[in-house]
*Asks:* 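I'd like to ask you about the structure that follows.
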Amino acid sequence: MSYVAMTIAGSDSGGGAGIQADLKTFQALGVHGTCAITAITAQNTTGVKSVFDVPVQAIDSQFDAVLSDFAVSYAKTGMLSRVETIRCVARKVGEYGLKVVVDPVMAAEAGGRLLNPDAVEVLKTELLPLAEVVTPNIYEAAALSGIEIRDLDSVKDACRAIRALGVRNVVLTGGHFGGIDTLYDSAGGFHTFRGELVKGGTHGTGCTHSAAVTAYLARGETLATACEKAKAFVKAAVAGSMDVGHGVRPVNPGGIK
């Protein structure tokens, strides 16, 4: 059986995050990857140097080209830097009835803002209500919920506030919170996935995690199982990161066997 997923995200010229990380992850997990590029970043391991936003007409055309030909089981979003891009993506997700995992990318691990401040509210009100899953880290979760995350109680409060925006499931990732991921599911249940922080590069961890969740869902896994397997996948990708630049080492999803 063939599985197809789609990434709707920005391009990282350094190859560590964005659509590059997503497509590597899809391939490693036996899923054919398609894409709609939303932005082109001039980026390396030391940070984002500049951003070119792809015109919405081109984003629209990429959606139509992919979805008129491929049976996409699940899609994910990454960098959607501006209001116009978010609105275009939300419109196409609704038009095609896509099941979508939203990675609310706000900043690059290597440094640099990837979401304009005025776009946060539009993300919350126009895209998240269409999403099956959202996968914020603690900083993104704080921006979406207005709740400072200090402990597991505030993690749960943030998850409840984010789910109240209309998204069906919230996966709050714990790379900046002791390695503890928390799933707040559509039935109102909490699931905790504990893990150890491993040494290695972290550039691209968020993209790789959300892409792995997307790939496992596309393969028919339950969300809880997808979260558990994605966590293990990212751990291996971090441990296998390569020293290829002068800044934050990129994860290595393509090198996992």
Side-chain angles (χ1 to χ4, degrees), residues 1-48 51 54 62 66 70 72-80 98 100-105 107-110 112 114 133 135 137 171 173 175 181 195 198-221 225-257:
M1 182 175 181
S2 298
Y3 306 98
V4 182
M6 182 179 186
T7 172
I8 306 151
S11 171
D12 173 1
S13 56
I19 61 163
Q20 286 82 358
D22 294 342
L23 293 174
K24 291 176 192 176
T25 299
F26 290 165
Q27 183 175 16
L29 295 176
V31 174
H32 178 78
T34 62
C35 68
I37 299 174
T38 59
I40 299 169
T41 70
Q43 183 177 174
N44 58 28
T45 62
T46 66
V48 178
V51 174
V54 172
Q62 291 175 83
V66 169
F70 297 92
V72 173
S73 300
Y74 262 88
K76 65 149 287 189
T77 67
M79 179 185 177
L80 308 174
L98 277 177
V100 66
V101 176
V102 172
D103 181 1
V105 175
E109 190 73 30
L114 298 176
V133 188
T135 63
N137 60 33
V171 181
T173 61
D181 294 354
V198 297
K199 291 183 178 180
T202 57
H203 180 47
T205 49
C207 301
T208 299
H209 175 268
S210 56
V213 170
T214 303
Y216 285 122
L217 290 174
R219 293 181 62 91
E221 301 283 7
T225 299
C227 290
E228 184 176 13
K229 290 186 173 182
K231 187 171 185 63
F233 184 87
V234 172
K235 177 181 176 181
V238 170
S241 61
M242 297 180 291
D243 189 10
V244 292
H246 295 91
V248 181
R249 293 167 66 176
V251 298
N252 183 24
I256 298 170
K257 302 299 183 183

*Asks:* To check you understand the geometry: which heavy-atom pair defines the closest contact between H203 and A17, and what is its length?
*Replies:* CE1-CB, 3.8 Å

*Asks:* For residues I37 and I19, determine if any side-chain heavy atom of one lies less than 4.5 Å from a side-chain heavy atom of the other.
*Replies:* yes

*Asks:* Could you point out which residue of K231, K235, K229 forms a salt bridge (Lys or Arg N to Asp or Glu O under 4.0 Å) with D181?
*Replies:* K231

*Asks:* Side chains of L98 and V72: closer than 4.5 Å at any heavy-atom pair?
*Replies:* yes

*Asks:* I'd like to check V105 versus L80 (side-chain heavy atoms, cut-off strictly below 4.5 Å). Are they in contact?
*Replies:* no

*Asks:* To the nearest 0.5 Å, what is the distance between CG on L29 and CD on E221?
*Replies:* 10.0 Å

*Asks:* Is the backbone N or O of A5 less than 3.5 Å from a side-chain atom of T34, with the two atoms forming a donor-acceptor pair by type?
*Replies:* yes

*Asks:* Hey, could you give me the CD/CG distance between Q27 and D22, rounded to the nearest 0.5 Å?
*Replies:* 13.0 Å

*Asks:* Rounded at 0.5 Å granularity, tell me how far OG in S13 sits from CD in Q20.
*Replies:* 8.0 Å

*Asks:* Closest approach of T25 and A212, non-hydrogen atoms and distance?
*Replies:* CG2-N, 3.6 Å

*Asks:* Mind listing the closest non-hydrogen atom pair of D12 and T41 along with its distance?
*Replies:* CA-OG1, 3.5 Å

*Asks:* Nearest 0.5 Å, please: how far is OG1 in T214 from OH in Y3?
*Replies:* 15.5 Å

*Asks:* With the side chain counted from C-beta on, respond yes when V101 and T77 share a heavy-atom pair under 4.5 Å apart, and no when they do not.
*Replies:* no

*Asks:* Kindly give the heavy-atom pair with the smallest separation between T135 and T173, and that separation in Å.
*Replies:* O-CG2, 4.4 Å

*Asks:* Of the non-hydrogen atoms in A39 and V54, which two are nearest, and what is the gap between them?
*Replies:* N-CG2, 3.7 Å

*Asks:* Taking side chain as C-beta onward, heavy atoms only, is C35 less than 4.5 Å from M6?
*Replies:* no

*Asks:* What is the distance from atom OG of S210 to atom CG of N137, rounded to the nearest 0.5 Å?
*Replies:* 11.0 Å

*Asks:* Which is it for V51 and M79 under the side chain to side chain contact (heavy atoms under 4.5 Å, CB included) test, yes or no, and what are the steps along the way?
*Replies:* CA-CA 11 Å; V51 174; M79 179 185 177; 3.6 Å; yes

*Asks:* Backbone N or O of V251 within a donor-acceptor pair of the S241 side chain at under 3.5 Å?
*Replies:* no

*Asks:* Give, for atom OG of S73 and atom CG of L217, the distance between the pair rounded to the nearest 0.5 Å.
*Replies:* 10.0 Å

*Asks:* Is the shortest side-chain heavy-atom distance between K76 and I8 below 4.5 Å?
*Replies:* no

*Asks:* Would you say V48 and L114 make side-chain contact, with heavy atoms under 4.5 Å?
*Replies:* yes

*Asks:* Could you tell me whether the side chain of P250 reaches within less than 4.5 Å of the side chain of V244, counting heavy atoms only?
*Replies:* yes

*Asks:* Considering all heavy atoms of both residues, which atom of P253 and which atom of K24 are nearest to each other, and what is their separation?
*Replies:* CG-CB, 3.8 Å

*Asks:* Quick check, are the ring centers of H209 and F233 under 6.0 angstrom apart?
*Replies:* no

*Asks:* Strictly distance-based, threshold 3.5 Å: is any side-chain N or O of N252 a donor or acceptor partner for the main-chain N or O of A237?
*Replies:* no

